[in-house]
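Positions are given from 1 along the sequence. In this text the structure is predicted, and so the values were computed from the model without any measurement.
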Amino acid sequence: MHWRVAFLVGVATLSAWGVLSAQRPFKEYEAIEYNDFPLPPDWKDIHEWTRARLRVPGINRGSRSIINWTMDYPRSDRHLLQGIRRLTRIDTRSVEQVVDLDGSEDVFNWPSMYAVEVGHWSVPDDQAAQLRDFLLRGGFLMVDDFHSTYEWQIFLAGIQKVFPDRDIVDIDNSDPVFHTIYDLDDRFQVPGAQYLYSGRTYEKDENGRPEHWRAIYDDKGRIMVAICHNMDLGDAWEWSDDPRYDEKFAGLAYRIGVNYWVYDLTH
């Protein structure tokens, strides 16, 4: 019997090693705003969870559009992860993970994903198919930092490749996503850093308001895609350590982040 136990333990060990080896290591990428943001001292430490940032192509072929996915990266990501550490008991890694829809299995190692500038994205058919598979398997995607009717239409063109037959709906105040940790019935528009000099909470034009909290649900009523339109939670996390940025906006952004990621882990 001893050889059988040893064999099963060996198989389990090899299986675990295979899963871990399939995860791509942490890597930093060229970004629009930051290229020398300091790494946290514990960035190499192994933890149970981190939030991934989805890398998708831009709609244009200009040098900036190619890296639109990096807006606020990595300062926003690392501020948010520190907030998750402080406000929850989730064993959180201090650095983000950049994820590609490249046909490999790596995306399935990172079930909580975040994407920005989706008002400028262009989703190839093969990436749309993999994103659909990821979400239907239980993955979660939060999209943020896009504004106005124009950018909504671009986002819509991409997400309808992913789910051509599923409706986008407003999230009801009673939905668990607004009550996992914090009760967030009273929400408001969270502005980007442009608020610091414009004093406006909205961007682009008058169609940049009001804020919209929307979602795409699966057949069991679970949110697969959480859509934050006409707001910029990423900027709120990014600038939360700047005294010029109003705490009420940063505070709501962190509470939304905590609720959304805890929702993903529990639904």
Can you name the closest pair of heavy atoms from S240 and A250 and give their distance?
-> CB-CB, 3.9 Å
Give the other cluster members for Y197, using side-chain heavy-atom distances under 4.5 Å between Ile, Leu, Val, Met, Phe, Trp and Tyr residues; answer none if it is isolated.
-> none
Mark yes or no: R75 above the aromatic ring of W237, with NZ or CZ under 6.0 Å from the six-membered ring centre and no more than 45 degrees from the axis.
-> no
Any side-chain heavy-atom pair from I67 and T70 closer than 4.5 angstrom?
-> yes
Look at the side chain of D91 and the backbone N and O of H47, then say whether any donor-acceptor pair between them is shorter than 3.5 Å.
-> no
For W261 and T92, run side-chain contact (heavy atoms from CB on, under 4.5 Å): C-alpha distance rounded to whole Å, both residues' side-chain angles, the deciding distance at 0.1 Å, then the answer.
-> CA-CA 11 Å; W261 306 126; T92 305; over 6 Å; no
Would you mind reporting whether N259 and L184 have side-chain heavy atoms less than 4.5 Å apart?
-> yes
Y263 and F178: aromatic ring centres closer than 6.0 Å?
-> no
Within a strict 4.5 Å, meaning less than it, do heavy atoms of the L233 and Y260 side chains meet?
-> no
Hey, does L101 have a side-chain heavy atom less than 4.5 Å from the side chain of R55?
-> no
Taking the side chain as every heavy atom from C-beta outward, state whether F146 and I227 have any pair of such atoms under 4.5 Å apart.
-> yes
N/O donor-acceptor pair under 3.5 Å between D235 side chain and A193 backbone | yes
Under 3.5 Å, is there a donor-acceptor pair between the S104 and D106 side chains?
-> no
Output yes when R24 and D102 qualify as a salt bridge under the 4.0 Å nitrogen-oxygen rule, no when they do not.
-> yes
Pair K161 + D125, salt bridge at N-O below 4.0 Å = yes
List the atom of D264, the atom of G138, and the distance in Å for their closest heavy-atom pair.
-> OD1-O, 4.2 Å
For Y29, ring-ring contact (aromatic ring centres under 6.0 Å, His included) partners two or more places apart = W69
How far apart are the closest heavy atoms of G119 and I154, and which atoms are they?
-> O-CD1, 3.2 Å
Taking ring-ring contact (aromatic ring centres under 6.0 Å, His included) as the test, write out the residues that go with Y202, two or more places apart.
-> none
Can you check whether E238's main-chain N or O pairs, donor with acceptor, with H79's side chain at less than 3.5 Å?
-> yes
For the pair E211 and R187, find out whether any cationic side-chain nitrogen is under 4.0 Å from an anionic carboxylate oxygen.
-> no
Are any of the side-chain nitrogens in E151 or K204 under 4.0 Å away from the carboxylate oxygens of its partner?
-> yes
Salt bridge present between D219 and R166 (N-O < 4.0 angstrom) = yes
Atom CH2 of W43 and atom CG of L81: how far apart are they, to the nearest 0.5 Å?
-> 15.0 Å
Other cluster members, Y34 - Ile/Leu/Val/Met/Phe/Trp/Tyr, side-chain contacts below 4.5 Å = F37
Decide if atom OH of Y150 counts as having more than 12 heavy atoms of other residues, nucleotides or ligands within a radius under 6.0 Å.
-> no
State which residue, out of D218, L136, L131, fulfils the side chain to side chain contact (heavy atoms under 4.5 Å, CB included) condition with F163.
-> L136
Ignoring hydrogens and angles, state whether a donor on the side chain of D42 or S94 is under 3.5 Å from an acceptor on the partner side chain.
-> yes
Are the charged groups of R78 and E28 less than 4.0 angstrom apart, N to O?
-> yes
Given salt bridge (charged side-chain N to carboxylate O under 4.0 Å, His left out), test R93 with D45 step by step and report yes or no.
-> CA-CA 7 Å; R93 199 173 80 178; D45 292 354; over 6 Å; no
Trace of the side-chain contact (heavy atoms from CB on, under 4.5 Å) decision for E96 with Y73 = CA-CA 9 Å; E96 68 292 332; Y73 158 89; 3.6 Å; yes
Compare all side-chain heavy atoms of R51 with those of L80 and state whether any distance is below 4.5 angstrom.
-> yes
Please lay out, stage by stage, how T201 and F249 fare under the test side-chain contact (heavy atoms from CB on, under 4.5 Å).
-> CA-CA 10 Å; T201 60; F249 300 131; 4.0 Å; yes
Which other residues end up in the same hydrophobic cluster as I46, if Ile, Leu, Val, Met, Phe, Trp and Tyr are linked when side-chain heavy atoms come under 4.5 Å apart?
-> none
Steps toward side-chain contact (heavy atoms from CB on, under 4.5 Å) verdict (Q97, F26) | CA-CA 6 Å; Q97 182 75 18; F26 169 75; 4.3 Å; yes
Cluster overlap V95 with Y254, hydrophobic side-chain contacts below 4.5 Å | no
Output yes when D242 and R244 qualify as a salt bridge under the 4.0 Å nitrogen-oxygen rule, no when they do not.
-> yes
Electrostatic pair E203-R200, nearest N-O below 4.0 angstrom = no
Between H147 and N230, does any side-chain donor sit less than 3.5 Å from a side-chain acceptor?
-> no
Is there side-chain contact between L265 and W49, with heavy atoms separated by less than 4.5 Å?
-> yes
Is there any ring pair (Phe, Tyr, Trp, His ring centres under 6.0 Å) pair reaching into residues 205-226, and which pairs are they, with sequence neighbours excluded?
-> H212-H229
Test item: N35 side-chain N/O and A31 main-chain N/O as donor-acceptor pair under 3.5 Å = yes
Min side-chain heavy-atom separation L252-F188 under 4.5 Å | yes
Drop me the distance from N68's CG to I32's CD1, to the nearest 0.5 angstrom.
-> 4.5 Å
